[in-house]
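Whatever order the structure lists ligands and atoms in, that order sets their numbers, starting from 1.
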Amino acid sequence: PSSKLLIKGGTVVNAHHQQVADVYVEDGIIVAISPTITVGDEVTVIDATGKFVMPGGIDPHTHLEFEFMDTTTLDDFFSGQAAALAGGTTMHIDFVIPLKGSLTAGFEAYEKKANKSCMDYGFHMAITKWDETVSREMELMVNEKGINSFKFFMAYKGALMINDELLLEGFKKCKSLGALAMVHAENGDAVYEGQKKMIELGITGPEGHALSRPAVLEGEATARAIRLADFVDTPLYVVHVMSIDAMEEIAKARKSGQRVIGEPIASGLALDESWLWHPDFETAAKYVMSPPIRKRGHDKALQAALSTGVLQLIGTDHCAFNSTQKAFGIDDFRKIPNGVNGIEERMHLVWDIMVESGQISVTDYVRLTSTECARIFNIYPRKGAILQGSDADIIILNPNSSFEITAKSHHSRLDTNVFEGRKGKGKIEVTIEGGRVVWENNELKVAPGTGRYIKMPPFSYLFDGMDIKDAFYLNSLQAPVKRAKSST
Ligand code: DUC
Ligand code: ZN
Ligand code: ZN
Ligand code: ZN
């Protein structure tokens, strides 16, 4: 089988540099980048003249085959990844949820789910309770299982939520392990009150979802998490930043020198909450996710925050429930499974919203959709770059072609799409995953079992003896400078 590939004549883009060059790939690895590379007949040649050749997208935030709110998301590790590849994303990081309180059992369950993978993936892990066993299992996850980030839910009272005491314990443990603490930042107690109030007022429809958990509760929890991380003196990653309220807390902390990372998601950048007031339940319910999609204006502010460096990377929180599942909440918005799509649409939407509009450069696009994620989770420059020795996860984008998003044509198993009908300029025409052309001429060529688990080493392995805060800071600025210990 031909595992040699030459991409000819495109503009090769990295996070800080672009040049017209050929890219030569052998056995899944980028071997050479040079103005003119000549090859023999056995090499497959792809003409990229007039197009951008970029590192494949890395989605830092997905939920595939996620058992949540009495049901399971529709996209699994095969269908969700196939959709991702069709949209130019070549790696994602999913959230392992502990099984009956056990991190190990949760990890094993996710290993099994991910057997059918057709693209590379990594794992974060959620921490939903606290005791000595959890603390010990976190060590195992970091030292042996390739996990370097843990997510704490400040919302979902009675299910995933933890209190401040546990949040502090978790932050301290993350710090001691050289792992990154992440938060879902909403005040879960206040949300619970807000939900009860809406039901008492007779507001049972999807608009009750937005009314019960306003942006102020996201701002409060974001501020609290930031201050507790400051108290513990460890870096913090805020997932799905949906509001100006949360974004401004991150801006303030960063300005004072605190290491805080903020991740907006595709739906937060491209949509507004007015859909939740749509008179048709089925239409409105598909926009229910937490934190909620906010009023018009928050989307633009989050875009601006990306372009000025206040926010660092873009995820999706892809969490796919179809209209039958969403209908569980027909009489009570609290029972609508929370989640929207995005894994397939993120790369096109960000190009259209951010690059076509002139808000960011093409190099910034690569940084926000790929490179920064690889750096933050310590897998750069294997991922997130078109450099000699990097994995051949590559996309070719034609800036003169266009895309259109419809549920009919998408590759997710969903029967709906929150971005339905959206059109824009810039089309990802080719996706290359580990040196294999998996998306070309609007056709997917994927097979289950071809994706690999990518272990993510803790920060202490890169900068031996250095404080995690400084190691993390350095790593997010530059490529690893030394490998003090083996990372396997
Ligand atoms: N929010 C969602 O909408 N879905 C998954 C979990 C979450 O925090
Ligand atoms: Zn969340
Ligand atoms: Zn999520
Ligand atoms: Zn940079």
Worksheet item: Do Asn378 side-chain atoms and Asn148 backbone N/O form a donor-acceptor pair below 3.5 Å?
Response: no

Worksheet item: With a 6.0 Å cut-off on ring centres, are Phe459 and Phe377 close enough?
Response: no

Item to complete: Take the Zn ion (ligand 3) and tell me which protein N, O or S atoms are nearer than 2.8 Å.
Response: His61 NE2, His63 NE2, Asp317 OD1

Worksheet item: Between Arg382 and Asp391, is there a side-chain N and carboxylate O pair less than 4.0 Å apart?
Response: yes

Fill in: Which residue and heavy atom of the protein sit nearest atom 7 (C) of ligand 1, plus the separation
Tyr156 OH, 3.2 Å

Item to complete: Please work out whether the ring planes of Phe152 and Phe171 are parallel, tilted or perpendicular, with thresholds of 30° and 60°.
Response: perpendicular

Item to complete: Please identify which atoms of ligand 1 are closer than 4.0 Å to at least one heavy atom of His240.
Response: 8 (O)

Item to complete: Using a strict cut-off of 4.0 Å, indicate which atoms of ligand 1 neighbour a heavy atom of Cys319.
Response: 4 (N), 5 (C)

Worksheet item: Based purely on interatomic distance, does His63 place a nitrogen or oxygen under 3.5 Å from a nitrogen or oxygen of ligand 1?
Response: no

Item to complete: Tell me whether the centres of the aromatic rings in His318 and His63 are closer together than 6.0 Å.
Response: no

Discussion item. Once you restrict to heavy atoms under 4.0 Å, what part of Asp317 touches ligand 1? Side chain, backbone, both or neither.
Written reply: side chain

Item to complete: Determine the sole option in Phe150, Phe95, Tyr453 for which the ring pair (Phe, Tyr, Trp, His ring centres under 6.0 Å) test with Phe123 is passed.
Response: Tyr453

Worksheet item: So is Asn338 polar-close to ligand 1, meaning N/O to N/O under 3.5 Å?
Response: yes

Discussion item. Under a 4.0 angstrom heavy-atom cut-off, which atoms of ligand 1 come close to His184?
Written reply: 8 (O)

Item to complete: Under 4.0 Å, heavy atoms only, figure out whether ligand 1 is touched by the backbone of Met289, its side chain, both or neither.
Response: both

Worksheet item: With distance as the sole test, does Asp245 use its side chain to make a donor-acceptor pair with the main-chain N or O of Ser243 at under 3.5 Å?
Response: no

Discussion item. Regarding Arg224 and Glu220, does a basic nitrogen lie under 4.0 Å from an acidic carboxylate oxygen?
Written reply: yes

Worksheet item: What orientation do Trp275 and His278 show, parallel under 30°, tilted 30 to 60°, or perpendicular over 60°?
Response: parallel

Worksheet, complete the sentence: for atom 3 (O) of ligand 1, nearest protein heavy atom and its distance come out as Ser290 N, 3.0 Å

Worksheet item: Between Glu345 and Arg422, does at least one N-O distance fall below 4.0 Å, as a salt bridge requires?
Response: no

